[in-house]
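Only heavy atoms go into these numbers, but all of them, side chains included; no hydrogens, no water, no symmetry mates. Below, read A as the first sequence line, B as the second, and so on, with proteins coming before strands; counting in each chain starts at 1.
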Amino acid sequence: TQLLEQSPQFLSIQEGENLTVYCNSSSVFSSLQWYRQEPGEGPVLLVTVVTGGEVKKLKRLTFQFGDARKDSSLHITAAQPGDTGLYLCAGGGYNFNKFYFGSGTKLNVKP
Amino acid sequence: DVKVTQSSRYLVKRTGEKVFLECVQDMDHENMFWYRQDPGLGLRLIYFSYDVKMKEKGDIPEGYSVSREKKERFSLILESASTNQTSMYLCASSSGMAVYGYTFGSGTRLTVV
């Protein structure tokens, strides 16, 4: 059983479309991170959110941390082929900086 | 550019062999981690270390051991490789501050035949 559930598992869209991926848990986290992983590489950190209700923007990417700190969403506006990859959320606390990862959303943006 | 370097990108080993996966970081981070990544299962924590010579079991430590003799190096050891250990292995390090997250290596894809 995954501590963090991500949905959808797979998403294939056309360039220019908008999309939202979700990360849900029954556990409360002190902070939540989003990573993107490209084929053959390790995950790369996109953002960390630490406050319930927090919204962070990174160019066309908008990240939100739920008020109860149990869930998060990632919204991409006008997706581009360069956004293709595996998006992973990770929730954790301050104890040794240990994070639990979701199984990921595999995004394919077609030109 | 800060880095986590894993010694091999691809490895093929035989069942029963002892396998060493090496990881080196140049960021002077206290914390280092070993994960395995399998389709549909995400990243699962095998072991982590928060200081030299210190180690803690993660969620799936069976069949693995680790060594951290120097701050910058964290090794994962498969004592007797089995086919169900075929996987992508990812090493990561962190400063201990959540806001900075993990820095991952590029991974080692291990196939046990």
Side-chain angles (χ1 to χ4, degrees), chain A residues 1-10 21-25 27-52 54 56 58 63 65 69 72 85-106, chain B residues 1-6 8-10 21 23-25 27 29-51 54-61 68 74 87-109:
Chain A
T1 304
Q2 290 278 347
L3 197 61
L4 285 159
E5 298 288 341
Q6 288 189 242
S7 61
Q9 281 189 290
F10 302 96
V21 298
Y22 299 93
C23 174
N24 295 295
S25 177
S27 300
V28 176
F29 294 106
S30 298
S31 59
L32 197 136
Q33 300 171 347
W34 285 91
Y35 292 80
R36 181 170 67 211
Q37 184 179 20
E38 298 184 15
E41 298 295 331
V44 175
L45 180 70
L46 296 173
V47 77
T48 301
V49 285
V50 298
T51 305
E54 182 177 0
K56 276 193 175 177
L58 192 68
F63 305 86
F65 200 12
R69 302 213 305 269
S72 181
L86 179 69
Y87 288 82
L88 295 159
C89 66
Y94 299 108
N95 183 25
F96 304 124
N97 196 216
K98 183 180 169 186
F99 278 76
Y100 295 92
F101 284 81
S103 56
T105 292
K106 196 166 186 178
Chain B
D1 199 16
V2 295
K3 241 183 211 178
V4 174
T5 303
Q6 294 185 232
S8 305
R9 293 298 296 266
Y10 300 95
L21 302 183
C23 175
V24 177
Q25 52 99 359
M27 295 165 284
H29 283 168
E30 280 75 27
N31 304 327
M32 296 188 75
F33 306 82
W34 275 105
Y35 286 88
R36 63 177 283 177
Q37 184 175 27
D38 300 288
L41 296 178
L43 275 69
R44 292 181 291 167
L45 182 63
I46 304 171
Y47 268 96
F48 66 101
S49 169
Y50 51 91
D51 201 353
M54 304 301 288
K55 60 185 179 185
E56 293 281 342
K57 291 181 179 179
D59 301 313
I60 52 164
R68 194 165 181 202
F74 192 35
S87 187
M88 169 70 90
Y89 289 88
L90 289 163
C91 175
S93 72
S94 77
S95 64
M97 293 183 66
V99 66
Y100 297 120
Y102 290 178
T103 301
F104 281 90
S106 296
T108 296
R109 183 161 294 282

Value rounded to 0.5 Å, distance of [atom1] in [X] from [atom2] in [Y]:
{"X": "B/Gln37", "Y": "A/Ser103", "atom1": "CD", "atom2": "OG", "value": "10.5 Å"}
{"X": "B/Leu45", "Y": "A/Phe99", "atom1": "CG", "atom2": "CZ", "value": "12.5 Å"}
{"X": "A/Gln37", "Y": "B/Ser106", "atom1": "CD", "atom2": "OG", "value": "10.0 Å"}
{"X": "B/Leu43", "Y": "A/Leu86", "atom1": "CG", "atom2": "CG", "value": "8.5 Å"}

Problem set entry | Test salt bridge (charged side-chain N to carboxylate O under 4.0 Å, His left out) applied to B/Arg9 - qualifying residues, sequence neighbours left out | A/Glu41

Problem set entry | Which atoms of B/Gln6 approach chain A - backbone, side chain, both or neither, heavy atom under 4.5 Å |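 No part of it gets close to chain A.
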
Problem set entry | Side chain, backbone, both or neither of B/Asp59 within contact of chain A (heavy atoms, under 4.5 Å) |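 When you check distances to chain A, only side chain atoms of B/Asp59 fall under 4.5 Å.
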
Seminar exercise, completed: Sorted by chain and number, sequence neighbours left out, ring-ring contact (aromatic ring centres under 6.0 Å, His included) with A/Tyr35 holds for A/Phe101, B/Phe104

For this session: Using non-hydrogen atoms and a 4.5 Å limit, figure out which bit of A/Gln6 sits close to chain B: side chain, backbone, both or neither.
Result: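 Neither the backbone nor the side chain of A/Gln6 comes within 4.5 Å of chain B.
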
Exercise. Does NZ belonging to A/Lys106 count more than 12 external heavy atoms closer than 6.0 Å?
Worked result: no

Exercise. If you take all heavy atoms of A/Gly42 and B/Leu90, which pair is closest and at what distance?
Worked result: CA-CD2, 3.9 Å

